Amino acid sequence: MSHSTLGLICLLAPLTAFFTALVGFRNNHRAAMATVLLSGLASALCALLLLAQHSPQPELVTRSWIHAGGVDIYFGLLLDGKTLIMGAVVAVITLCIQTYSLNYMATDPGRGRFFAFLALFEWAMLCFVYSPSLMQTFVFWELVGLASFFLIGFWYSKPSAVAAAKKAFIMTRIGDVGLFIGLILLFQSTHTLDILRLNATHFETTRIELITLLLFVGIVGKSAQFPLHTWLPDAMEGPTPVSALLHSATMVAAGVFLFARFHNLFMQAELTLTIVLCIATFTAVLSSTMAMVAKDMKRVLAYSSISQLGFMLMGLGAGSLFAGYFHLVTHAVFKALLFLCAGAYIHHYETNDIIAIGRAGGRKLRIVTAGLVIGGAALAGLPPLAGFFSKELIIGSLGHGHPRIFVIGALLASFMTAYYTFRMIFLVTRPNADSEASPDQEAPDHEADDHHAEGSLLPTHAPIVLLTLGAIGLGFLGDSIARLLGQSAHHPALAEMAPAIGVACFGVLLAWLDFGRSAAAQNGFVSRMPAVRRLFEQGWYLDALYKKLFVGLAQAIAGLLFGLENRGFDGGADGIASGTRAAGRTAAKAQTGRLQLYIGTSILLFAAAALYIGLGASR
Amino acid sequence: MSDMPILSIILLAPLVAFLITVVLPEAQTQLIKIINAVAGLTTLVLALVVWASYDKDLGGYQMIEDVPWVPDFGIHYTVAVDGISVVLTMLTAIVFLTGVLSMWTLEKRVKEYFAFMGLLVFGVFGVFISLDIFVFFFFYEVAVLPMYPLIAIWGSTRKEYSAMKLTIFLMVGSALLFPGLIALFVESGGHTWNLVALSQAGTFSESTQIFIYPFLYIGFGILAGMWPFHSWSPTGHVAAPTAVSMLHAGVLMKLGAFGILRIAIGVLPLGAAYWAPTFAVLATIGIVYGAFVAMRQTDFKYVIGFSSVSHMGIVLLGLNTLGVDGVNGAVFQMFAHGIMTALFFSAVGFIYDQTHDRDIRHFGGLVGQIPVATSFFILAALCGMGVPGFASFWAELLVFIEAIRVFPVLGMVAIVGLVFTAAYVLRVLGLAIFGPKNSDWDELVEPTPFLSIPRIMLIAVLLFFGFVPSLMVDMISSATHIFSAAGASL
Amino acid sequence: MTLEAYLLLALLLFSMGLYAVLARHNLIAILIGVELMLNAANINFLAFNYFLHLDPAMAQIIVLFVIGLAAAEAAIALAIILKLYRKHQSIDVDAMRELRG
Amino acid sequence: MNIAFTLPFAVIVIGAFLAVTRSNILHAVFGLAISLVGVAGAFLALGSPFTAVMEVLIYVGGIAVTMIFAVMLSSVSSPAERGGFLRKSLAALVAGLFLAGGSLIIVNADFGAGNHLSTDAWSIQAVGRDLLDRFNLAFESLSLVLLLAIVGAIVIVRREPVLPADQDDAPEEEAA
């Protein structure tokens, strides 16, 4: 099969599945799920085949969308190294998560709808990834946001889920506005939105600073960077597979992918790069601190997602396309793994609380626990797992010609990552009933009765095993990825790697001392400082601040204008109306109802006019 | 192209339906509905024929029919279509048909209702296809007048007040328009009302244009829901019955925008260039203002009413850019918004017919009880947010591209308005459609397949042009090439 | 005789009709005034045509039409007067003041 | 002074004076009839015998008689004239002003009139031909108007049938 056919199958299969599942099999969950699963399989196979047949030259398949006036917009597929890798990652991880959801969502009454929206999400994400033009990128960027809105708010009867979905949509839309304006400005200065052409363009400096900064605003929104990061932890209201999908390989990765896509443009803008580095580093540190105290397993992972996205942007911003991109791929795999493991615990013990899971005997789920440990180690950057290689590369790239502060920030974040990851692992695997830590809620006891074992556990375990293998092995594929990207892989020397490995090990050690050893109080060093703990737990009070400041402001303006509308415009119109009525009442008094008076008056006036005209004419 | 006077047939179809409806006895409600549906279907089929047979490469006015009416004053019955008219004729036909189908369950004074509706549609078609300004104005008034009885008799929620307010506002608009149009006739030498002749460069001096233009712009702008003369429109939307809201927001407001484009800008380009920055500011205020006010409304229809103010602001902003992309986008937005609001009101009307309640705070979790009916509403809401895949996305995109080029600051403000648009749409969805189930509404039933037909048609149109926007843009741009590709020279 | 003479005659007739319309209470009397005024107009038509060399048949036809219309008008007016009389038991114009503001 | 002018003049003015001043409405109608005969005379003097005949037939024979019927039917031939003087003098003032102004215009205007038209051209044939040819549409419309007027007049004066429902309600109203 030709490349364009493969690409089309890869893109169209999920869309078809979405419509079939949503409209055709509305009341037949089994058929809907089967359709979606098959389409996911087809997409994944096509994406992998495309990757395998990759040719060094980028391929382009396009169809015109709008061609009028000064606008020429087309739809198509761009097949080059970046899109092929990302497409394969997206398709495979989506397939894993769809398989996993078979068990996870087995009893949910809305499972048909759930699978349909998974398919929609996959479609939007794949079209986004393979997009050859910034316009198409933007279209599907928006659609990814839309699909995520429906997935996060999947349990629509929970007000918190609806609120989280709304928050996610609006906060990413704030970013989208930036991206949109950037897009239009870019279009105006280059008259093209073609990604390949744009990347080959050179700009005069000030213009590109503005454009890239606006693009970066979009990335900040989508990839949940400071200050628009607060939607991501709330988005955990969705079902866990959704979190696994959204916060590993897809939605949030879209921002980073966009950065990688336009890496050449960003490299021309010095100022923007500095801002990117600052924000990324700050975000990585900030969200790590929040992860250190979170008790909700999904929240820990959510904060860690934010911080890892910061790492990726650090790598890209430091100028190393390969480092950032590599971390994007590896993170996609091990974060998906971690979320799936978390989902397995949550599903089994019906609680999100780490401590409660540990007390209830979390480690008894052996395969899941193994996945959690390996994924966590990868996240912490322990050699020789996937996260180690990519994180090393990022820290290595920061070392060249950038202020020390960024390296220090990265190391600090790296240390905290190792600490909170192993805090989570130890709390699950080595529960200590005498510890000071207390769970928010006790997990129901599921010692023996396995009423959750609906059918086979294979759909749950197969993806976990597959992703575990990925988390172990992917790090060694760095050279091939670099080749696909057209970059040369840089292998840092052991001396360069030493500090990073050191802080990671230190983090693990500290976690062991605080939580792991049998006499541990299981009360982290942060928790011993109540003020700091509260600060971290409340997410540095940013949410509350935003709520007061922006939401309050918007509502105040809305209220003001609402009053203006009711009292000003409507009132004004009504005032004019009542004034007219009063005038009419006064004027009506002149109406005596005497017919002859009317006739006489009119005749008199008419006669006067006639006389005036007649005499005037005769003169 | 055939010699059949196809445009006149489109124009006459609703009139014939009106006459038959008037003659038929009161009790024949089913027959009356069927006759109006047939008229709607006829116009839709003919509008498709017009679309297909219009030669886009040739452009300009085609299928011209010209009959002298009052020769002493140069008044001719002249009808013709260009790319813009083709699009709007199609819009009217779609909304007419779906409007009739949406009101299939009406029982109160069916005969009079459909009679007025036929008259209204007759006027709307007349406006979209006439080339003679006098005839244009005649049809314009024919279209506007039936609104009063339609709202005052079949409406709800302060219906007399709303009907009166609407009529007064529109009459004020006409009062501005009429002298403006007469001035056009007199200033041009008093020979002709023909648009093409009047549009010839050099007919009016620049100072004349600058003087007359605001009369026409504001006169038409009032009907287009132009800020700050918009306040009739939300109250009117709210009070009107479903199909009237559909026609009103879907088509009637477009008459105003169409008048601005065809007459004000078409005949007075220099005046338009002079006033464009001023009116662009008002349009932008309208966009943001509508979104903010919609955020605080508690009535479904008020939210939609103010969203119309906001969306029509986008149309007006596009027109005021005077650039080809902006005008393309504005016309596209007229079409997309027409279909979208029709869908909105159709969906809300369905819920209201059953519950007799429109306060969004009283609802909750409706999607669990009537998923099909609410999914129509959700789709309309998504279109309102400008989500890609729906027609309005492209329309807004084109407008914003041009707006940023011509008025960078206003363009950015308008784009930021999108965030607030999302905020108020999601607020409604979150409160009424999602959220905890409210068992008060357990009794609600889904629409029958027959009642779903009009809504599905509207959705299909929105999605179709969302995925294949080039069809629409090609058609529109065959008429907009007169505008400079680089925007207004300011 | 001259045109002016006929015109003055017609004007006099018209003024008398006007007086009747303005001064009388009785609706039928008012109607009589209207008829006088119509006839004054008729005289004018014929006089102008007779003296000014216009189309020979035109004035006569107009006069015929006016007479025809006057007949119709009288019929309707009398019908209305009868109806009003039944309603108010009076045909005094002062009794019909429903348009009073 | 021309007898063809003065005789109709006198008849018209006397008739009109009667029609306008008599308070007995029957007398007024007779005055109207006399005045109209005078008008017919003026038509004759203006060389149009056909219209003169029509005038007498329709006005005197039709309208005046109908008025007499109406007067008989309404059985109020002379309502009491109240507050007469002010009203009459005001009306007279208006009419007088009108007369004065009109005369002023007529006397001052230059019509360029002179010789008479030969009455040969005023043939009834020409009138008849024109009526059915040039003014065909107006003629037909007029007939329609007359028809409608007759039907309308009948509808207006028709006594409305008393509905049974009203009879049911009537005793209650009386009781109340």
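Throughout, protein chains are lettered first and strands after them, A, B, ... in sequence-line order, and every chain is numbered starting at 1. None of the values given here were measured: they were computed from a predicted structure.
Closest heavy-atom contact between C:Ala20 and D:Val20: CB-CG2, 4.0 Å. Summarising the geometry of D:Ile156 relative to C:Ala79, their closest heavy-atom pair is CG2-O, 3.8 Å, with the distance given to 0.1 Å. Nearest heavy-atom pair, C:Leu18 versus D:Ala95, reported as atom, atom and distance to 0.1 Å: CD2-CA, 4.1 Å. In this structure, C:Ile76 and D:Ala153 approach most closely via the heavy-atom pair CD1-N, 3.9 Å.
Contact annotation for C:Ile30: neither backbone nor side-chain heavy atoms come within less than 4.5 Å of a heavy atom of chain D. For C:Ala71, the parts lying under 4.5 angstrom from a heavy atom of chain D are both the backbone and the side chain. Interface remark: D:Ala138 contributes backbone and side-chain atoms alike to the contact with chain C (heavy atom separation under 4.5 Å). Heavy atoms of D:Ile58 lying under 4.5 Å from chain C belong exclusively to its side chain. Both the backbone and the side chain of C:Ala70 come within less than 4.5 Å of a heavy atom in chain D. For C:Leu82, the part sitting under 4.5 Å from any heavy atom of chain D is the side chain, from C-beta outward, and nothing else. Contacts between D:Thr66 and chain C at a heavy-atom distance below 4.5 Å involve backbone atoms as well as side-chain atoms. Interface residue C:Leu7: backbone and side-chain heavy atoms are both found under 4.5 Å from chain D. Both the backbone and the side chain of D:Val29 come within contact range of chain C, with heavy atoms under 4.5 Å apart.
At least one side-chain heavy atom of C:Leu38 sits under 4.5 Å from a side-chain heavy atom of D:Tyr59. Between D:Val157 and C:Arg86, some side-chain heavy-atom pair lies under the 4.5 Å cut-off. Here the side chains of C:Leu22 and D:Leu90 are not in contact, with every heavy-atom distance at 4.5 Å or above. In this structure, C:Glu4 and D:Val107 have side chains that are not in contact, with every pair of non-hydrogen atoms separated by 4.5 Å or more. Under the 4.5 Å side-chain criterion, counting only non-hydrogen atoms from C-beta, C:Phe14 is not in contact with D:Leu99. For the pair D:Phe98 and C:Leu11, the minimum side-chain heavy-atom distance is below 4.5 Å. Contact check for C:Asn39 versus D:Glu55: side-chain heavy atoms found under the 4.5 Å cut-off. Side-chain contact between C:Tyr19 and D:Leu93: absent, with no pair of heavy atoms (C-beta onward) separated by less than 4.5 Å.
We find the OG1-CD1 distance between D:Thr51 and C:Ile67 to be 6.5 Å, quoted to the nearest 0.5 Å. A distance of 11.0 Å separates OG1 in D:Thr6 from CG in C:Leu9, rounded to the nearest 0.5 Å. The CD1 atom of C:Ile43 sits 4.0 Å away from atom CD1 of D:Ile12, with the distance rounded to the nearest 0.5 Å. Separating the CG atom in D:Leu18 from the CE atom in C:Met16 is a distance of 8.5 Å, to the nearest 0.5 Å.
Remark: the backbone N or O of C:Met58 is not paired with any side-chain donor or acceptor of D:Arg134 at under 3.5 angstrom.
The choice from C:Leu12, C:Val63, C:Ile32, C:Ile80 that makes the most heavy-atom pairs within less than 4.5 Å of chain D is C:Ile32. Taking chain D as the reference chain and counting heavy-atom pairs below 4.5 Å, the highest number among C:Ala47, C:Gly33, C:Ala75, C:Gly17 is found for C:Ala47. For the set D:Phe43, D:Phe9, D:Phe69, D:Phe17, the entry with the most heavy-atom pairs within less than 4.5 Å of chain C is D:Phe43.
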Quiz item: Given the rule in the side chain to side chain contact (heavy atoms under 4.5 Å, CB included) test, do D:Ser35 and C:Leu13 qualify, once you have shown the distances and angles that lead to the verdict?
Solution: CA-CA 9 Å; D:Ser35 173; C:Leu13 188 57; 4.0 Å; yes
Quiz prompt | Audit row: C:Leu64, D:Phe50, side chain to side chain contact (heavy atoms under 4.5 Å, CB included) steps and yes/no | solution = CA-CA 9 Å; C:Leu64 288 177; D:Phe50 181 60; 3.5 Å; yes
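There is a side-chain donor-acceptor pair under 3.5 Å between C:Gln60 and D:Ser48.
Listed in order of number, the residues of residues 140-147 of chain D that approach chain C to under 4.5 Å between heavy atoms are D:Leu142, D:Val145, D:Leu146.
Between C:Tyr6 and D:Phe5, the ring planes are perpendicular. Angles over 60° get that label, and only those under 30° would be called parallel.
Within 6.0 Å of the CZ atom in C:Phe65, the count of heavy atoms belonging to other residues, nucleotides or ligands exceeds 12.
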